[in-house]
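Every chain is numbered from 1, with letters handed out A, B, ... down the list of sequences.
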Amino acid sequence: MVCRIPKGRVTTYKIIAGQLNTRAYRAVGRAMASNENYPHIPCHRVIRNDGKIGNYTPPGGIKRKRELLKKEGVMVKNGAVENLKEVIYRYD
DNA sequence: AATGTGACAGAGG
DNA sequence: ACCTCTGCCACAT
């Protein structure tokens with residue numbers, strides 16, 4: 001799922017859970033946390049439904065997540081995505 | 001089997 | 001915006 005997110009867009013734990021036809025938002029996050037494939041999976045494009053960044057386990061932490069997003073054109077302010085409606089990816 | 005804890009969400013105060 | 005519950009699922013004790 002995460003790999004399908006286009007560059008410069010983001011999605012939320014809720015949306016992913018929704019696509020999996022479950023309400024296990026937390027389990028989704030847990031999956032990320034345990035999954036150490038961060039070099040080849042854009043986990044940083046997964047944020048919270050309220051637009052906030054959420055957490056990020058890999059080295060660098062939330063800082064890193066912000067940078068990666070910013071680098072892809074996603075503006076973050078105070079731990080929250082700015083033009084969320086514009087960059088969010090809902091798996092049409 | 002029973003608790004408790006999260007990269008969460010939503011409602012209520 | 002804040003904090004406190006409750007619901008959710010997987011996993012560790």
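Contacts of Ser34(A) with the nucleic acid, taken as non-hydrogen atoms under 4.0 Å apart, are absent. In this structure, Arg30(A) reaches the bases: a heavy-atom distance under 4.0 Å links it to at least one base atom across the strands shown.
In this structure, CG of Leu69(A) is placed 13 Å from C1' of dA7(B), rounded to the nearest angstrom. With rounding to whole Å, Asp50(A) atom CG is found 14 Å from dC3(C) atom P. Atom CG of Leu20(A) and atom P of dC8(C) are 17 Å apart (whole Å). Here dA9(B) presents its C1' atom at 14 Å from CD1 of Ile47(A), a figure rounded to the nearest Å. Taking atom OH of residue Tyr13(A) and atom P of nucleotide dG7(C), one finds them 23 Å apart after rounding to whole Å. In this structure, the CZ atom of Arg48(A) is 15 Å from the C1' atom of dC8(C), given to the nearest Å. Atom CD1 in Ile53(A) sits about 11 Å away from atom C1' in dA7(B), given to the nearest Å. Nucleotide dC8(C) holds its P atom 20 Å from the CD1 atom of Ile16(A), rounded to whole Å.
A residue-by-residue look at Ala24(A) and Lys52(A) shows that Lys52(A) has its nearest nucleotide of DNA chain C further toward the 5' end.
The two residues Thr11(A) and Ile88(A) have their closest heavy-atom pair at CA-CG1, 4.4 Å. Across Tyr91(A) and Ile16(A), no two heavy atoms sit closer than the pair OH-CG1, 4.4 Å.
Dense packing is recorded around CG of Asn83(A), with more than 12 heavy atoms of other residues, nucleotides or ligands lying under 6.0 Å away.
For residues 39-64 of chain A, the set of pairs meeting the ring-ring contact (aromatic ring centres under 6.0 Å, His included) definition, not counting sequence neighbours, is empty.
A salt bridge links Glu72(A) with Arg45(A); the closest basic N to acidic carboxylate O contact falls under 4.0 Å.
Taking only side-chain atoms of Ala27(A), from C-beta outward, the nucleotide of dA9(B), dC9(C), dA7(B) with the closest atom is dC9(C). Listed nucleotides dC9(C), dA7(B), dA9(B) differ in distance to Thr12(A); the shortest reach to its side chain belongs to dA9(B).
Not a single donor-acceptor contact under 3.5 angstrom links the side-chain atoms of Tyr25(A) to the base of dA9(B).
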